[in-house]
Amino acid sequence: MNKKRVLSGIRASGRLHLGNYLGAVKGMLALQENPEYETFYMVADLHTLTTPYDPKTLKNDVREVVLDYLAVGLDPEKSTLFIQSQVPEHVELAYLFSTTTSLAKLLHLPTYKETLKLHPQHSTVALLYYPILMAADILAYKAQSVPTGIDQEPHIEITREIARKMNSQHGTDFPEPQRFVTEGEYVPALTGEGKMSKSIEGSYINLTDDLETIKRRLAGAPTDSGKGENVPEKGGVANLLIFVELFQGRKIRQEYEKAYTGSGIRYSELKEGLAKAIFEELKPVQERRKRFEQDPELVEKILSKGAEKARNVARETLDETKKAMGLV
Ligand code: TYM
């Protein structure tokens, strides 16, 4: 049977948080366990260079993501795990793809504009090039499914456009990939505004946080008097209820909603129960992480094997593309 391929990646900007976990990693895990798919998961270290970063800590930051991958249960026996820059074919393919993409299209991408707002001093060509490299990451494996959060949809749309243009202009056979959607495709910030993100202090919970840290972070989430005519649809309380549903289930969320319009919610109790439920899910992840932290040689072996396997596939796609474009 010809398996469908999957590719996903996460930038190396520190340890993974619940947004990465629910939006991307849970989908990565689900597809890894599905025998119809062949899964490739990388650390997008080249994409990390598109916003300010510290070259002195980059290697360690990459390692942190690899450890988180292994800790959550990405299994090198089932998935190919690798580091993006160790497969230089992605960059070459990205250059070839750039010949089909207009500058105007990239300049108008919402993700480009948002990143530029956060880092106004950083309007580099690499940042503009971000979606093209991402398209190359995906299409190097002819992946059909890409587990990511909803914020990545514009990039996957560009990937589909590139695939269509390459196929019509050069007769290649790239698939048009779809995002693999999880229940947590948009995880809100604990601050009550926007999405959970590493760049907003107080907005996130890391996968490596212990129970006390989770409690402390949840304590900072804004609430209200706990009572009212209608359950809030936006802001701190609405977000807490989303977390309750994601970690404790719909039934408990409904109980809190009933309490809100009735006798009232006691947020100290809600946060206590939620913190415990989050930690319950993270505890086995943290235990597995410790085992890999103690065996850097094993991690190194996994990554070099992964890079070799990824390179073989990406090389084949690159060769085909070069031939189709008249280079060889
Ligand atoms: P990054 O590191 O910004 O995000 C990694 C993944 O986490 C998801 N995510 C969220 N999902 C739901 N709610 C949130 N609050 C939240 N925050 C982050 C993101 O959607 C993403 O799936 N460009 C990619 C990295 C990449 C890539 C690729 C992904 C490079 N090449 C090829 C897939 C395929 C990114 O956003 O990384």
Side-chain angles (χ1 to χ4, degrees), residues 5-31 39-51 53 61-62 64-66 68-69 72 74 80 82-85 87 90-91 93-94 97 109-112 114-115 118-119 126-127 129-160 162-163 177-200 203-207 239 242-243 246 310 314:
R5 293 226 183 98
V6 178
L7 178 118
S8 193
I10 295 186
R11 284 174 304 148
S13 42
R15 295 181 170 192
L16 301 194
H17 54 66
L18 291 183
N20 305 132
Y21 177 63
L22 298 164
V25 171
K26 277 214 158 176
M28 291 158 81
L29 282 166
L31 291 170
T39 44
F40 292 82
Y41 298 134
M42 58 167 205
V43 181
D45 58 345
L46 291 173
H47 279 109
T48 313
L49 314 187
T50 58
T51 46
Y53 76 101
D61 294 340
V62 170
E64 293 284 359
V65 179
V66 173
D68 277 335
Y69 274 175
V72 292
L74 293 187
T80 303
F82 66 101
I83 295 170
Q84 184 188 32
S85 66
V87 187
H90 292 210
V91 181
L93 198 59
F97 287 171
L109 260 194
T111 41
Y112 172 70
E114 278 158 27
T115 313
L118 280 176
H119 307 283
L127 183 61
Y129 213 83
Y130 190 116
I132 301 183
L133 180 57
M134 186 160 154
D137 296 335
I138 297 167
L139 296 177
Y141 303 88
K142 300 193 178 166
Q144 280 152 294
S145 189
V146 187
T148 66
I150 199 166
D151 60 334
Q152 296 302 304
E153 192 60 54
H155 294 154
I156 299 176
E157 177 59 38
I158 287 228
T159 305
R160 285 192 287 269
I162 288 177
Q178 297 294 326
R179 189 166 65 88
F180 181 79
V181 178
T182 63
E183 222 187 318
E185 64 172 7
Y186 180 91
V187 177
L190 295 178
T191 50
E193 249 178 71
K195 66 167 183 168
M196 184 174 283
S197 156
K198 251 299 143 62
S199 47
I200 304 165
S203 82
Y204 59 85
I205 289 174
N206 283 336
L207 300 190
N239 290 355
I242 291 176
F243 285 107
L246 287 168

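As the structure lists them, so they are numbered: ligands from 1, and atoms in each ligand from 1.
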| task | Measure from NZ or CZ of K195 to the centre of the six-membered ring of Y186 and say whether it is under 6.0 Å with the direction within 45° of the ring axis. | result | no
| request: Enumerate the residue pairs fulfilling salt bridge (charged side-chain N to carboxylate O under 4.0 Å, His left out) with a member in residues 13-27, sequence neighbours excluded, ordered by first and then second residue. | output: R15-E64, K26-E281
| query | Would you call R179 and E157 a salt bridge, using N to O less than 4.0 angstrom? | reply | no
Output, or 'none' if empty, a list of ligand 1-protein atom pairs in which both atoms are N or O and the distance is under 3.5 Å, rounded to 0.1 Å.
{"residue": "ligand 1", "atom": "2 (O)", "partner": "R11", "partner atom": "N", "Å": "3.0"}
{"residue": "ligand 1", "atom": "2 (O)", "partner": "R11", "partner atom": "NE", "Å": "3.4"}
{"residue": "ligand 1", "atom": "3 (O)", "partner": "R11", "partner atom": "NE", "Å": "3.3"}
{"residue": "ligand 1", "atom": "3 (O)", "partner": "R11", "partner atom": "NH2", "Å": "2.8"}
{"residue": "ligand 1", "atom": "7 (O)", "partner": "N20", "partner atom": "ND2", "Å": "3.0"}
{"residue": "ligand 1", "atom": "11 (N)", "partner": "G19", "partner atom": "O", "Å": "3.2"}
{"residue": "ligand 1", "atom": "13 (N)", "partner": "V187", "partner atom": "N", "Å": "2.8"}
{"residue": "ligand 1", "atom": "15 (N)", "partner": "V187", "partner atom": "O", "Å": "2.9"}
{"residue": "ligand 1", "atom": "15 (N)", "partner": "M196", "partner atom": "N", "Å": "3.4"}
{"residue": "ligand 1", "atom": "15 (N)", "partner": "M196", "partner atom": "O", "Å": "3.0"}
{"residue": "ligand 1", "atom": "20 (O)", "partner": "G149", "partner atom": "N", "Å": "2.8"}
{"residue": "ligand 1", "atom": "20 (O)", "partner": "D151", "partner atom": "OD1", "Å": "2.4"}
{"residue": "ligand 1", "atom": "22 (O)", "partner": "G149", "partner atom": "N", "Å": "3.2"}
{"residue": "ligand 1", "atom": "23 (N)", "partner": "Y130", "partner atom": "OH", "Å": "2.6"}
{"residue": "ligand 1", "atom": "23 (N)", "partner": "Q152", "partner atom": "OE1", "Å": "2.9"}
{"residue": "ligand 1", "atom": "31 (N)", "partner": "D137", "partner atom": "OD2", "Å": "2.7"}
{"residue": "ligand 1", "atom": "36 (O)", "partner": "Q152", "partner atom": "OE1", "Å": "3.3"}
{"residue": "ligand 1", "atom": "36 (O)", "partner": "Q152", "partner atom": "NE2", "Å": "2.6"}

| request: Kindly assign one of parallel, tilted or perpendicular to the pair F82 and Y141, based on the angle between their ring planes and the thresholds 30° and 60°. | output: tilted
| query | Can a donor-acceptor pair be found between the side chains of Q84 and H47 at a distance below 3.5 Å? | reply | yes
| note | The residue among V6, L74, L7 that forms side-chain contact (heavy atoms from CB on, under 4.5 Å) with T39 is V6
